[in-house]
Number of protein chains: 2
Amino acid sequence: MSRPGPTGDDLVRVLATLANPHRLRVVAALVRERNYVSRLARQLGISRALLQVHLRKLEAAGLVSAQLELSEDGKAMKFYEVNQFDYRLTPDAVAAAEQTLSLPEPGERGVEEGSRS
Amino acid sequence: MSRPGPTGDDLVRVLATLANPHRLRVVAALVRERNYVSRLARQLGISRALLQVHLRKLEAAGLVSAQLELSEDGKAMKFYEVNQFDYRLTPDAVAAAEQTLSLPEPGERGVEEGSRS
DNA sequence: AGCACCTGCTAGCTTCTCTTGGCATGTGCG
DNA sequence: CGCACATGCCAAGAGAAGCTAGCAGGTGCT
């Protein structure tokens, strides 16, 4: 129950987002501690530009969220933290999500069978 | 407990594999019915070559498995079916998996802090 | 033989993702 | 002012993924 079941498209987006070592590390790091971009970048050992891209994707997928804050010494820092989420991957869940996928594109198929045998 | 918790790399592989509309449809189709390549391709409306690539990836990720069988009329057909799987995606699960990721690559970070403030 | 169906492989084009490097802005401090 | 640190954006190259088209082999039926 609980989740109304994510849209097929949503699921794909989330999976694609999480299917990356860097983003996995980012999420893990944010789970342990709320953090701001520059610091996070230093800790993870990656460039800010790169981190930002990943954070952007994570945010777009709804996995993390950010809020701009001012440090004591007046600098503006963007803090990120993970959102609560819980996706379950099972054959049935996949089958359910599949039904809410957007257009496969061209013509449909019904039962294109009926020839041999 | 149950699941020993998938390796970070495993998780990434599975997520990357499932993060694709076609593969999601393939899995969904196989959940409903065990099927062989050519027929599945027809039903999904995609080329065999393409389907094979996706099936290969799904198999590599351990999500489906195949077995070669002979139809009554002697033709060799490769049947695919979904494997039982159950991955859970939560912040903590991600944090746990992250620890078993292979080499981030270059130098580690410890506490590269310690400058300002 | 010719046709219908099954399987498998690959060269090659196209498209998307990742990642770097540079540049711009703003604030506080010596 | 110049330095350190924070944010943001973007052009461009490298590499990975997706997809098509074509060819190969094999079996059974008419």
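Just so it is clear, the values below take in all heavy atoms, side chains as well, and ignore hydrogens, waters and symmetry mates. To find a chain, count down the sequence lines: A is the first, B the second, and so on, and within it residues start at 1.
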Inset, instruction - Report yes if at least one side-chain N or O of Tyr36(A) is closer than 4.0 Å to OP1 or OP2 of dT7(D); otherwise report no. - result: no
Legend entry - Side-chain heavy-atom pair Asp10(B), Thr100(B) within 4.5 angstrom cut-off: no
Inset, instruction - Starting from C1' on dT20(D), measure out to CZ on Arg48(B) and report it in whole angstrom. - result: 13 Å
Inset, instruction - Indicate, yes or no, whether a donor-acceptor pair under 3.5 Å links the base of dT7(C) to the side chain of Lys78(B). - result: no
Inset, instruction - Round to the nearest Å and state the distance from Lys75(A) atom NZ to dT7(D) atom P. - result: 10 Å
Legend entry - Arg42(A) vs dA6(D): side-chain N/O to OP1/OP2 distance below 4.0 Å: yes
Legend entry - From dC9(C), dC5(D), dG26(D), nucleotide with atom closest to Gln52(B) side chain: dC9(C)
Inset, instruction - Measure from CG on Leu50(B) to P on dT7(C) and round the result to the nearest Å. - result: 15 Å
Legend entry - dC18(C) OP1/OP2 closer than 4.0 Å to side-chain N/O of Arg23(A): yes
Inset, instruction - Specify the separation, in whole Å, of atom CG of Leu58(B) and atom P of dG18(D). - result: 11 Å
Legend entry - Lys57(B) side chain near dG18(D) phosphate (N/O to OP1/OP2, under 4.0 Å): yes
Legend entry - Interatomic distance where CE belongs to Met77(A) and P belongs to dC5(D) [whole Å]: 11 Å
Inset, instruction - Would you mind telling me which residue lines up with the more 5' stretch of DNA chain C, Ser38(B) or Val53(B), judged by nearest nucleotide? - result: Ser38(B)
Legend entry - Test log, rule side chain to side chain donor-acceptor pair (under 3.5 Å), inputs Ser71(A) and Asp73(A): CA-CA 5 Å; Ser71(A) 65; Asp73(A) 52 338; 2.5 Å; yes
Inset, instruction - Figure out the CD/P separation between Glu59(A) and dG8(D), and round it to whole Å. - result: 10 Å
Inset, instruction - Verify the contact: side-chain N or O of Ser47(B) to OP1 or OP2 of dT20(D), cut-off strictly under 4.0 Å; return yes or no. - result: yes
Inset, instruction - Go through the steps to decide whether Asp86(B) and Leu89(A) satisfy the test side chain to side chain contact (heavy atoms under 4.5 Å, CB included), and finish with yes or no. - result: CA-CA 5 Å; Asp86(B) 185 352; Leu89(A) 260 42; 6.0 Å; no
Inset, instruction - Nearest whole angstrom, please: distance from the P of dC6(C) to the CZ of Arg39(B). - result: 10 Å
Legend entry - Upstream residue (5' side of DNA chain C) when Phe79(B) and Asn20(A) are each assigned their closest nucleotide: Phe79(B)
Inset, instruction - In sequence, state the C-alpha distance, the side-chain angles, and the governing distance for Glu81(B) and Leu30(B), and then conclude on side chain to side chain contact (heavy atoms under 4.5 Å, CB included). - result: CA-CA 6 Å; Glu81(B) 53 183 50; Leu30(B) 291 178; 5.8 Å; no
Inset, instruction - Could you check whether Ala49(B) gets within reach of a base, just the sugar-phosphate, or nothing at all, counting any heavy atom under 4.0 Å? - result: base
Legend entry - Protein-nucleotide distance (Leu70(A), atom CG; dT7(D), atom C1'), rounded to Å: 12 Å
Legend entry - Nucleotide of dC19(D), dA4(C), dC9(D) approaching His54(B) most closely (side-chain heavy atoms): dC19(D)
Inset, instruction - For Arg25(B) and Glu98(A), work out which heavy atoms get closest and say how close. - result: CA-CG, 3.6 Å
